[in-house]
Amino acid sequence: MVSRPHGGRLVDRVARGGSRRRLLAEAGEMPRLSIGDGLAADVANIAHGVYSPLEGFMVQEDYQSVLHDMRLSSDLPWTIPVVLDASPEELAGVREGDEVALYHRGRPLAVLRVEEIYGWDRREYALNVYKTLDPGHPGVARLSRRKELFVGGPLLLIEEPSEPFEEVRLWPKETRVLFEARGWRTIAAFQTRNVPHLGHEYVQKAALTFTDGLFINPLVGWKKPGDYRDEVIVEAYQALIGSYYPRDSVVFSVLRMEMRYAGPREAIHHAIVRKNFGATHFIVGRDHAGVGSYYGPYEAWELFREFPDLGITPLFVHEAFYCRKCGQMVNEKICPHSDEYRVRISGTMLRRMIKRGERPPEYMMRPEVAEVILKHPSPFIEEG
Amino acid sequence: MSEKIPVHISRELYEKAKKFIEEQGGFQSVEELVEFLLQEALLAEEAGPAEMSREDEEKVKERLRALGYI
């Protein structure tokens with residue numbers, strides 16, 4: 001039995017038929033807010049139930065409750081604000097109760113009924129969500145560019161945003177049907193923003209040993225410079241799954257959602273989102289959604305213990321490494337040998353090798369995966 | 001806010017709504033409550049049913065087949 005959606009009901013805010021036609025026709029007459037790719041992804045995620053039970057962008061009561069209590073005002077666990085920012089100039093003449101059209105890349109994307117317009121405090125947001133004010137933190141840096149006001153209210157999607165990975169993008173209602181069709185009762189979800197190395201494969205297969213299916217769901221969308229490009233991640237996973245995974249035990253699809261790099265809080269958010277896709281278990285690795293040294297390596301595990309009512313079971317899997325004495329990938333829980341035998345697979349080290357055009361050794365990365373990355377002219381996101 | 005027009009409701013319902021606001025709060029007037037409830041109802045109607053019909057499920061399966069998932 002797949003997980004019940006968060007809050008009990010999978011949200012569907014996609015306008016159809018006559019309603020959609022009416023809203024499309026009226027959108028041109030409504031006050032207009034232009035939004036970027038990240039917010040457009042949030043709009044689509046709200047409409048397709050990825051963020052169930054949210055039916056729109058958060059009003060102040062929910063926003064404050066999420067900041068301070070890590071719960072919606074309904075007491076349901078929720079750790080990351082889902083908010084729409086706008087400037088006072090953009091909102092000139094807009095009143096609570098009005099409908100505004102959200103435009104993305106010059107096209108109407110959704111209609112939002114303004115329930116509330118409210119101010120917010122960058123410092124309060126950063127300290128609660130990121131636990132730092134350091135502008136070197138990519139989440140904090142992006143926060144500084146958000147506009148002065150938040151607009152809360154329910155929305156209706158009237159036009160699907162374009163998706164370059166459409167053939168490997170599934171919405172929750174689709175994965176739920178798929179998992180049921182495959183007869184899976186237990187599904188372990190794996191969140192990633194990286195290309196797979198053998199440590200990831202070990203963790204995923206360890207989970208799959210005990211569940212009916214594995215749901216690999218990498219994020220596409222904005223990430224920080226130095227991270228892998230979306231197409232590299234997708235192609236690398238396709239190469240890995242094609243050669244090393246039993247086809248009927250794995251579902252691979254992408255999720256367009258920006259990384260926040262909010263560490264433990266974001267780990268909870270990632271779990272809730274995968275619960276909405278139908279996953280029953282969620283793999284939580286070392287320094288999940290972390291960046292630099294802002295969060296402890298297993299801080300996310302501790303935070304999960306504060307949410308016994310999350311409705312998805314976290315799988316805490318220790319960091320995998322290659323042990324020369326064991327002769328295989330292991331983790332510290334099952335390997336008795338000392339550090340001198342242990343070869344840790346560092347993402348930084350792999351990136352360095354790839355930048356030099358070197359093929360990582362096979363105990364770190366499958367040759368098929370390395371091939372995909374190395375043949376790409378520019379596998380990493382660049383500054384600017 | 002767009003132009004307003006009058007809508008008539010029974011006095012009995014009006015009094016109940018007024019009492020509800022006095023006891024529960026959250027709204028400044030019956031008009032505000034009525035407007036809120038109508039908007040909620042209309043938005044819910046426009047969004048369509050939350051439960052998937054058999055026809056919708058078949059459409060989803062068709063897409064999954066076309067993409068090679070099943």
Side-chain angles (χ1 to χ4, degrees), chain A residues 5 7-23 29-31 46-47 49 52-53 55-56 61 93-99 111-115 153-158 166-182 247-248 250-253, chain B:
Chain A
R9 174 181 155 269
L10 194 66
V11 165
D12 181 355
R13 306 292 299 179
V14 181
R16 299 180 175 86
S19 299
R20 177 176 172 270
R21 284 193 292 278
R22 180 184 69 77
L23 290 169
E29 306 301 318
M30 294 176 190
I46 290 167
S52 296
E55 299 197 334
E61 188 183 16
V94 176
R95 300 282 174 271
E96 289 167 6
D98 286 356
E99 287 184 325
V111 169
L112 178 134
R113 180 166 57 76
V114 179
E115 200 169 311
L155 61 81
L156 278 169
L157 186 76
I158 52 177
E166 187 63 36
E167 291 186 356
V168 285
R169 193 271 304 278
L170 297 178
W171 293 117
K173 73 173 183 182
E174 293 169 328
T175 52
R176 289 173 166 276
V177 169
L178 177 56
F179 297 158
E180 293 279 3
R182 289 195 178 181
R247 193 172 175 272
D248 291 341
V250 181
V251 165
F252 173 80
S253 79
Chain B
M1 182 67 86
S2 51
E3 184 197 352
K4 304 247 178 185
I5 57 161
V7 174
H8 298 277
I9 59 171
S10 69
R11 175 152 305 272
E12 187 189 357
L13 191 56
Y14 176 85
E15 294 299 339
K16 274 186 186 170
K18 202 171 159 199
K19 188 161 177 273
F20 173 84
I21 293 166
E22 283 164 7
E23 288 172 1
Q24 307 288 328
F27 297 92
Q28 299 294 320
S29 64
V30 173
E31 180 184 299
E32 201 178 293
L33 172 64
V34 168
E35 204 160 72
F36 172 79
L37 291 173
L38 273 173
Q39 278 171 336
E40 286 296 302
L42 291 172
L43 275 169
E45 182 63 28
E46 282 167 341
E51 296 301 318
M52 196 185 290
S53 67
R54 190 161 290 184
E55 192 187 340
D56 284 342
E57 190 174 326
E58 269 314 305
K59 276 186 196 160
V60 168
K61 282 183 177 169
E62 265 174 43
R63 179 167 191 266
L64 291 170
R65 272 187 215 105
L67 294 176
Y69 281 101
I70 51 176

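Here is the naming used below: chain letters follow the sequence lines, and residue numbers restart at 1 for every chain. Keep in mind the model is a prediction, meaning the values are calculated, not measured.
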Tell me, side chain or backbone of [X] under 4.5 Å from chain B's heavy atoms, or both, or neither?
{"X": "R182(A)", "value": "side chain"}
{"X": "V168(A)", "value": "both"}
{"X": "R247(A)", "value": "side chain"}

> Taking side chain as C-beta onward, heavy atoms only, is L38(B) less than 4.5 Å from V7(B)?
Replying inline: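 No. Closest side-chain heavy atoms not under 4.5 Å.
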Taking [X] first and then [Y], would you say they form a salt bridge - that is, a charged N and a carboxylate O separated by under 4.0 Å?
{"X": "E15(B)", "Y": "K19(B)", "value": "no"}
{"X": "R9(A)", "Y": "E55(A)", "value": "yes"}
{"X": "E166(A)", "Y": "R169(A)", "value": "yes"}

> Top residue by heavy-atom pair count (under 4.5 Å) with chain B, among L170(A), L157(A), V251(A), V114(A)?
Replying inline: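 Among L170(A), L157(A), V251(A), V114(A), the one with the most close pairs to chain B is L170(A).
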